[in-house]
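Shown next, in structure tokens, is the structure this report addresses.
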There are 2 protein chains.
Amino acid sequence: MKHIDKIKNLVKENGYKLTPQRLATIEIILKNKDKHLTTEEIFTEVKKAYPNIGLATVYRTILLLDELKILTKHNFDDGKYRYELNDSSESHHHHHLICSKCSRVLEVEDLLTDLEEKIEKTYKFKITNHNLQFFGLCDRCIK
Amino acid sequence: MKHIDKIKNLVKENGYKLTPQRLATIEIILKNKDKHLTTEEIFTEVKKAYPNIGLATVYRTILLLDELKILTKHNFDDGKYRYELNDSSESHHHHHLICSKCSRVLEVEDLLTDLEEKIEKTYKFKITNHNLQFFGLCDRCIK
DNA sequence: ATCAATGCAAAGATTTTGCATCAAG
DNA sequence: CTTGATGCAAAATCTTTGCATTGAT
């Protein structure tokens with residue numbers, strides 16, 4: 001099944017209506033799979049396809065998609081949240097390398113599985129999610 | 001040298017004035033070493049010792065202390081930033097276990113040194129800082 | 001036909017800024 | 001003294017909410 005259909009189903013299965021505004025928002029997020037867009041940026045893009053949409057609707061749609069774990073909220077310390085579509089294969093996590101100079105965001109494969117096991121045992125803490133960011137200088141900016 | 005004197009020196013060495021407002025703010029942050037206070041909380045505490053201080057001054061002082069790497073800014077996804085005093089021994093880092101139920105924040109020793117080396121090599125990315133958070137259920141809430 | 005979803009504008013919440021005044025160095 | 005620091009209030013940002021209206025099921 002295509003990713004967009006999975007998302008559509010998730011929305012419907014959870015008793016939410018599949019409105020054109022939600023669909024337009026989902027399409028923009030899908031189209032920018034690899035980016036980390038802010039709500040404002042998503043809003044601007046969605047407006048091109050659906051000029052009447054209100055910012056509040058985009059905020060509410062993103063809230064919904066976050067609840068349904070369709071996307072992940074990131075905070076790169078620039079004062080606003082950024083959103084990224086989750087991989088359809090449930091378990092895929094990754095981390096971010098954030099360049100302090102050019103703000104480029106690189107992705108790194110998940111490296112924490114072993115660590116999590118250790119932590120769960122040591123601290124008796126049931127981990128459901130994690131967030132790992134590295135700040136520094138990317139290859140381009142080191143030069 | 002006592003930690004507070006180190007901080008005082010850092011402020012002065014960098015050409016900033018050591019005003020009573022800044023001192024009062026630093027004292028509150030020191031007194032709450034192990035907590036993760038918001039600016040508003042710091043402001044409320046500082047006001048007890050220095051009732052005339054303005055919120056903007058506390059914001060500006062925190063900005064300064066962040067620049068001087070005297071404290072670290074955290075975002076636990078509750079919509080506001082929280083600050084924590086850095087350990088005086090430069091290199092001490094740690095991570096956070098954030099309970100999704102009771103919001104308790106536990107600290108975990110730094111576990112990333114090996115990982116960072118690997119990442120620096122693989123991605124040619126010079127890491128200057130990192131942020132690792134685990135979300136889940138703490139021992140008390142698991143029951 | 002319902003009841004959730006929308007759009008708009010207003011309100012909230014947090015943080016920043018402009019400016020006249022003050023005080024640390 | 002001089003220049004940065006302060007306090008206050010206003011503004012800027014980002015996000016949420018109330019409410020009348022619309023539209024998906």
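Naming convention: chains lettered A, B, ... in sequence-line order (proteins, then strands); numbering from 1 in each chain.
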State whether [X] places a side-chain N or O below 4.0 Å from either non-bridging phosphate oxygen (OP1 or OP2) of [N].
X      : N       : value
R60(A) : dT16(D) : no
Q21(A) : dG7(C)  : yes
Y59(A) : dT16(D) : no
R22(A) : dT6(C)  : yes
T19(A) : dA24(D) : no

How close or far is atom [atom2] of [N] from atom [atom1] of [X], stated in whole angstroms?
X      : N       : atom1 : atom2 : result
L63(A) : dA4(C)  : CG    : C1'   : 15 Å
N52(A) : dG23(D) : CG    : C1'   : 14 Å
N75(A) : dT14(C) : CG    : P     : 15 Å
R82(A) : dT15(D) : CZ    : P     : 11 Å
D78(A) : dT14(C) : CG    : C1'   : 15 Å
L55(A) : dG7(C)  : CG    : P     : 11 Å
E40(A) : dT15(D) : CD    : P     : 9 Å
L64(B) : dT16(C) : CG    : C1'   : 16 Å

**Request:** Begin from the C-alpha positions of E41(A) and H36(A) and carry the test side-chain hydrogen bond (donor to acceptor under 3.5 Å, both in side chains) through to its verdict.
**Result:** CA-CA 10 Å; E41(A) 287 165 345; H36(A) 304 91; over 6 Å; no
**Request:** Hey, which sits more toward the 5' end of DNA chain C by its nearest nucleotide, Y81(B) or T61(A)?
**Result:**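 Final value for this comparison: T61(A).
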**Request:** Please assess H130(B) against Q133(A) for the test side-chain hydrogen bond (donor to acceptor under 3.5 Å, both in side chains), listing each intermediate value before the final yes or no.
**Result:** CA-CA 5 Å; H130(B) 65 234; Q133(A) 305 173 322; over 6 Å; no
**Asked** Do NZ/NE/NH1/NH2 and the carboxylate oxygens of D139(A) and R104(A) come within less than 4.0 Å?
**Response**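 Looking at R104(A) together with D139(A), the answer is yes, because their closest N to O distance falls below 4.0 Å.
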For [X], report the nucleic acid contact type (base, sugar-phosphate, nothing); a contact means any heavy atom under 4.0 Å.
X      : result
Y50(B) : sugar-phosphate
K17(B) : base
I53(B) : sugar-phosphate

**Message:** Any side-chain to backbone donor/acceptor pair from R22(B) onto T61(B)? Under 3.5 Å, distance only.
**Reply:**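 No: the side chain of R22(B) does not pair with the backbone of T61(B).
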**Message:** Angle between ring planes, H74(A) versus F76(A), binned at 30° and 60°: parallel, tilted or perpendicular?
**Reply:**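 Parallel: the ring planes of H74(A) and F76(A) meet at under 30°.
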**Y16(B), nearest nucleotide to its side chain (from dG7(D), dT14(C), dA5(D))** =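 For the Y16(B) side chain, the nearest candidate turns out to be dA5(D).
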**Request:** Measure from the side chain of L18(B), starting at C-beta and using heavy atoms only, and say which of dT14(C), dC14(D), dG25(C) lies closest.
**Result:**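 Shortest atom-to-atom distance from the side chain points to dG25(C).
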